[in-house]
Amino acid sequence: IFEWKSWDHFNVTDNTYLDLTSDLLPFIHANAIEIDYDGNFLISSRNLDEITKINRTTGEIIWRWGGSQNEFEFINDYPFTHQHCIKSLGDNKYLLFDNGNFSSNYTNEPNISRAVEYQLDLNTMTATKTWEFSHPDSLFSPSISSVQRLENGNTLINFGNLSLIERGAVVTEVNPQNEIVFEFELEIPSSGSSSNIYCANKFDWFFDESIVGCNDFEACNYSNNTINSSVFCEYPGDECLISEPLI
């Protein structure tokens, strides 16, 4: 019911850092898609350093944010580069993981990754940074990685690829005051292989114990009200507690 082709809307020369003499031109590298608060699409194109908003009905581009075709003025921040994991927070507020592959071009400091939140003003076409978090260890994840705003207002940040500094992925939860409230780091295997995490999410899980049971009709404790696997089943000869199936 909907199809959108990047080749119809992007040009290979839109890429700021691509070597156009190369035999391989991965000039888009889309890595995330999100439905915005108004029902239209957001896509993150890593190699374009761009977040693009697309009309869900017509397929036309609504706006382009970041990269060489940027339509917004960054008010109090430098542009994100090679970003991942665009998230809509509603009312033109957006959260993303800025890998920062070219942040040094703007800061004159070593490249650094961060989670960053913006407020877009569609009248003045400005992007204002409203929050950011960079790790106290100045972590730089040149690829993958993710960010998630939790229901309690905290933010879960996944520094997914730290192989350049020989560390496993670091997943950090911070509160709105940027205090770390939870963190874990993957141990690098003795084989020396990478310990990367593409995306990390945190959820509150609820299990209804009333539906724990067996859904195998051949079992003597079968019940059609359960959705669980045969791990809870009891079969004839297994000292069944009941003699007839529950139907």
Distance from [X] atom [atom1] to [Y] atom [atom2], nearest 0.5 Å?
X    : Y    : atom1 : atom2 : answer
T128 : N76  : OG1   : CG    : 5.5 Å
I28  : R46  : CD1   : CZ    : 14.5 Å
I62  : D36  : CD1   : CG    : 8.0 Å
L156 : F182 : CG    : CZ    : 7.5 Å
H84  : L96  : NE2   : CG    : 11.5 Å
N154 : R149 : CG    : CZ    : 9.0 Å

Is the shortest heavy-atom distance from the side chain of [X] to the side chain of [Y] under 4.5 Å?
X    : Y    : answer
S141 : L162 : yes
V116 : S134 : no
F203 : Q148 : yes
F184 : L186 : yes
H9   : I54  : no
W4   : I61  : yes
F27  : L48  : yes
V171 : I157 : no

For I35, give me all partners under side chain to side chain contact (heavy atoms under 4.5 Å, CB included), at least two apart in sequence or on another chain.
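Only F41, R56 meet the side chain to side chain contact (heavy atoms under 4.5 Å, CB included) criterion with I35.
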Quick one: do R114 and D77 satisfy salt bridge (charged side-chain N to carboxylate O under 4.0 Å, His left out)? Show the steps, please.
CA-CA 12 Å; R114 58 185 179 149; D77 196 26; 2.9 Å; yes
Taking transitive links into account, so neighbours of neighbours count too, which hydrophobic residues share a cluster with Y198 at under 4.5 Å side-chain distance?
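Once heavy-atom contacts under 4.5 Å are chained together, Y198 belongs with I144.
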Linking directly or through intermediates, with side-chain heavy atoms under 4.5 Å: list the remaining ILVMFWY members grouped with Y17, chain and number order.
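Reading the cluster by chain and number, Y17 sits alongside Y78, F102, Y106, I112.
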Do [X] and [Y] belong together in a cluster built from hydrophobic side chains that touch within less than 4.5 Å?
X    : Y    : answer
L20  : W7   : yes
V174 : F97  : yes
I180 : V147 : yes
F72  : L89  : no
F2   : I33  : yes

Per the side chain to side chain donor-acceptor pair (under 3.5 Å) rule, which among Q83, Q69, H82 passes with D49?
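Exactly one option meets the side chain to side chain donor-acceptor pair (under 3.5 Å) with D49, and it is H82.
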Does a donor on one side chain sit under 3.5 Å from an acceptor on the other, for [X] and [Y]?
X    : Y    : result
N31  : S44  : yes
Y118 : N92  : no
S45  : E50  : no
T172 : E183 : yes

Search all heavy atoms of [X] against all heavy atoms of [Y] and return the closest pair with its distance.
X    : Y    : answer
S195 : E187 : OG-O, 3.1 Å
T52  : F10  : OG1-CZ, 3.5 Å
G67  : T16  : C-OG1, 4.5 Å
N55  : T58  : OD1-N, 2.9 Å
C233 : A219 : CB-CB, 4.0 Å
L18  : P26  : CD1-CD, 4.0 Å

Quick check: does any side chain N or O of [X] sit under 3.5 Å from a backbone N or O of [Y], one acting as donor and the other as acceptor?
X    : Y    : result
N178 : E132 : yes
T107 : N105 : no
N161 : S163 : yes
D14  : N11  : yes
W65  : I51  : no
D137 : L139 : no

Could K53 and Y94 be counted as a cation-pi pair, given that NZ or CZ must be under 6.0 Å from the ring centre and within 45° of the axis?
no
Evaluate whether atom NZ of K93 has more than 12 neighbouring non-hydrogen atoms of other residues, nucleotides or ligands under 6.0 angstrom away.
no
Got more than 12 heavy atoms from elsewhere within 6.0 Å of CD, E179?
yes
Taking salt bridge (charged side-chain N to carboxylate O under 4.0 Å, His left out) as the definition, give me every residue that meets it alongside E34, ordered by chain and number, with sequence neighbours left out.
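None.
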Dump the intermediate steps for side chain to side chain donor-acceptor pair (under 3.5 Å) on N99 and S113, then the final yes or no.
CA-CA 5 Å; N99 291 78; S113 300; 5.1 Å; no
Can you tell me if the gamma sulfurs of C199 and C85 sit closer than 2.5 Å?
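Disulfide absent: SG-SG distance not under 2.5 Å.
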Kindly write out the residues that satisfy side-chain hydrogen bond (donor to acceptor under 3.5 Å, both in side chains) with W63, not counting sequence neighbours, or none if the list is empty.
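For W63 there are no side-chain hydrogen bond (donor to acceptor under 3.5 Å, both in side chains) partners, ignoring immediate neighbours.
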For residues 123-143, the ring pair (Phe, Tyr, Trp, His ring centres under 6.0 Å) pairs (sequence neighbours left out) are H135-F159
